[in-house]
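Only one structure is covered here, and it is reproduced in the block below.
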Amino acid sequence: MLNTTLNLNEEIFLQDRELKSGRDGFGEAILKLGEEHEDVVILTADLEESLRVTPFRKKFPDRFIETGIAEQNMASIGAGLALSGLVPFITSHAIFSPYRNWDQIRLSICFSNANVKIVGSHAGFSNSPDGGAAESLEDIALTRVLPNLTVISPIDYWQTKRAVEEMYKIKGPVYLRICKEPTPQITTENTPFEVGKAYTLVEGTDITIFNTGTVAYEALEAAKILKAGHKINVEVIAIPTIKPADKENIIGSAKKTGKCVSLEEHQINGGFGSAVSEILAEEFPVFNLRIGVNNTFGESGSYQELKDKYGISSHHVVEAILNMLKEK
Amino acid sequence: MPKSPVKNDVEKIALIANELREEIVRMLLEAESGHTAGSLGMADIFASLYFKILNVDPKNPTNPDRDRFVLSNGHICPLLYATLAERGFFPKSKLKQLRKLNSDLQGHPKFGSLPGLETSSGSLGQGLSQAAGMAMAAKIQNKPYRVYCVTGDGEMQEGQIWEAAMFAPNKKLDNLTWIIDRNNIQIGGHTEDVMPLENLRNKLESFNWYVLEIDGHNIEEIIGACKMARSVSQRPTAIIAHTIPGKGVEFMEYKFEWHGKVPSKEQALKALKSLASLEGKIKSDYD
């Protein structure tokens, strides 16, 4: 079922598959990046361990800046470092950065096109026990609206590692949205990753599921169920770069299947599904059902419980697609 | 306040400051909107910085070793633009484009639009953090440059200022000089009526800044304080510069109403006449 050209993880559906988190990928990748490039600087607002950057701090104490719990200051300091030729990564939980410091990200960073990398961890429901107050379900909307800013939402651990390498090469601001929760590995060390490119994880002909972030796995599982139980051939397209989006692949798949669903761990209003719908509405108007969190805040619970309750797990996708195909 | 032996420079800088004031009035008249009081009030400080203190070269505006000047209260950019033009970063003929469509002279500074601009500013409270970032970059890269940041006083009501005020002494940023335009006004009135800042000196000292207070129109004091800041080790310096909003144009002086207002043609002519009669010999009330 999986696209064989992408070197994806063949063991993805096995019971004892390995689970790994995006933040672990970030911590490992940034250490390597720091070894390779001496202009890489990390800033944290009292979340060093949480972002897995302790090894970087130990190895490069002079390139590690603790700002205390002050995300606004951190963002503007990042701009000052970038305008002086360094490549700062400002790291925190997504709920604080880019939320608390959105104005600083807009003016100090994006308006100057400053080369600051913004890393928001614990995105979506992945900070689930902490409750609705701590769940970032609006950060895609907040960031994709900003000129000059690239927005990347990797689908797993390996892709997060690749994204860190690639975002360094961009001369301008980038937002990296990462997951705290360990999730199944869809990609491998040998899976290609380019900023701005969508990847067809499964080829299909009946309907397309566009997805971003770690819910890519829910999309894959839905495709598997629909194929086995209903003989529906679903195309699964992962879109790790939300801005700039890969219009060509989005429109190409929509032309092929004629029916689309978007899946995100985020509000459907203004987020990833909105971005896909905007492209389709302007370039190739087909129906796109946005699946995501619908105009509500989250609550405490386990990661999977919340995905189930708020309608973004595989069985919701299966149900939605069956309804869509029945109606059409 | 110690005075520096720069007598010859003082008159020259005072003349430049007065020219900057005239330029500001002409620019704001042409633009028909903008911020007058703060721009006029800081002219002596900008003239002193750009013609005596800052190690900058208009022919090489991106030299990695240059001193950095960060304007945090971006609304007084007419003064920054006039100063950069006077210093030769771009032709003075550009100044009349302030706030016009397709202009490099945006209503608030946009990084990249003009040589010599170091940051973007507008939304208040962000400049001190950016300056601290530049000062950190100098430490990380072992570079000799210094960073100078101007903020307004009303701007200090923004919480981010105090985040940066905690950060810079903690990181021992002795290459950072913060100049506070203490003119006691903001758009809605006097700072002490809107949201008091006093005792400002005590606040900054308790945050572990080395604090100097000067008459912001006394050029010898301005230069002396900036030079003294260079010799302070292990902590940053804050210079509380007491200034008169609207300085040099009598009917504007001390009046918060001129914070965000521009003169009419008649008022501008009156202002230019009174500035011309000063001939660079502005005397401060603190003298």
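Nothing here was measured: the structure is a model prediction, and the numbers come from that model. Naming: A, B, ... by sequence-line order, numbering from 1 per chain.
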Residues, nucleotides or ligands: over 12 heavy atoms within 6.0 Å of Lys59(B) NZ: no
Side chain to side chain, Ile65(A) and Lys171(B), heavy atoms closer than 4.5 Å: yes
Glu35(A), CD: over 12 other non-hydrogen atoms inside 6.0 angstrom: yes
Atom CD of Glu278(A) with >12 non-hydrogen neighbours under 6.0 angstrom: yes
Which atom of Gln160(B) lies closest to which atom of Gln72(A), heavy atoms considered: NE2-O, 3.3 Å
Whether over 12 other heavy atoms sit under 6.0 Å from Lys261(B) NZ: yes
Lys247(A) atom NZ, over 12 foreign heavy atoms within 6.0 Å: no
Crowding at CZ, Arg100(A) (>12 non-hydrogen neighbours, <6.0 Å): no
Contacts of Asp65(B) that satisfy salt bridge (Lys or Arg N to Asp or Glu O under 4.0 Å) - sequence neighbours left out: Lys143(B)
Shortest non-hydrogen separation from Leu81(A) to Ala137(B) and the atoms involved: CD2-N, 3.7 Å
Which portion of Gln141(B) sits near chain A, non-hydrogen atoms under 4.5 angstrom: side chain
Contact winner vs chain A - Ala132(B), Gly112(B), Ser121(B), heavy-atom pairs under 4.5 Å: Ser121(B)
Considering all heavy atoms, the nearest Met134(B)-Ser84(A) contact: CG-OG, 3.4 Å
Heavy-atom pair of closest approach, residues Ser120(B) and Leu107(A): CB-O, 3.8 Å
Closest contact, heavy atoms only, Pro109(B) versus Phe111(A): O-CE2, 4.1 Å
Lys32(A) atom NZ, over 12 foreign heavy atoms within 6.0 Å: no
Distance-minimising heavy-atom pair for Asp62(A) and Ile140(B): O-CG1, 3.4 Å
Interatomic spacing from CZ in Arg106(A) to OG in Ser123(B) - rounded to 0.5 Å: 8.0 Å
Heavy-atom side-chain contact between Asp103(A) and Gln126(B) under 4.5 Å: yes
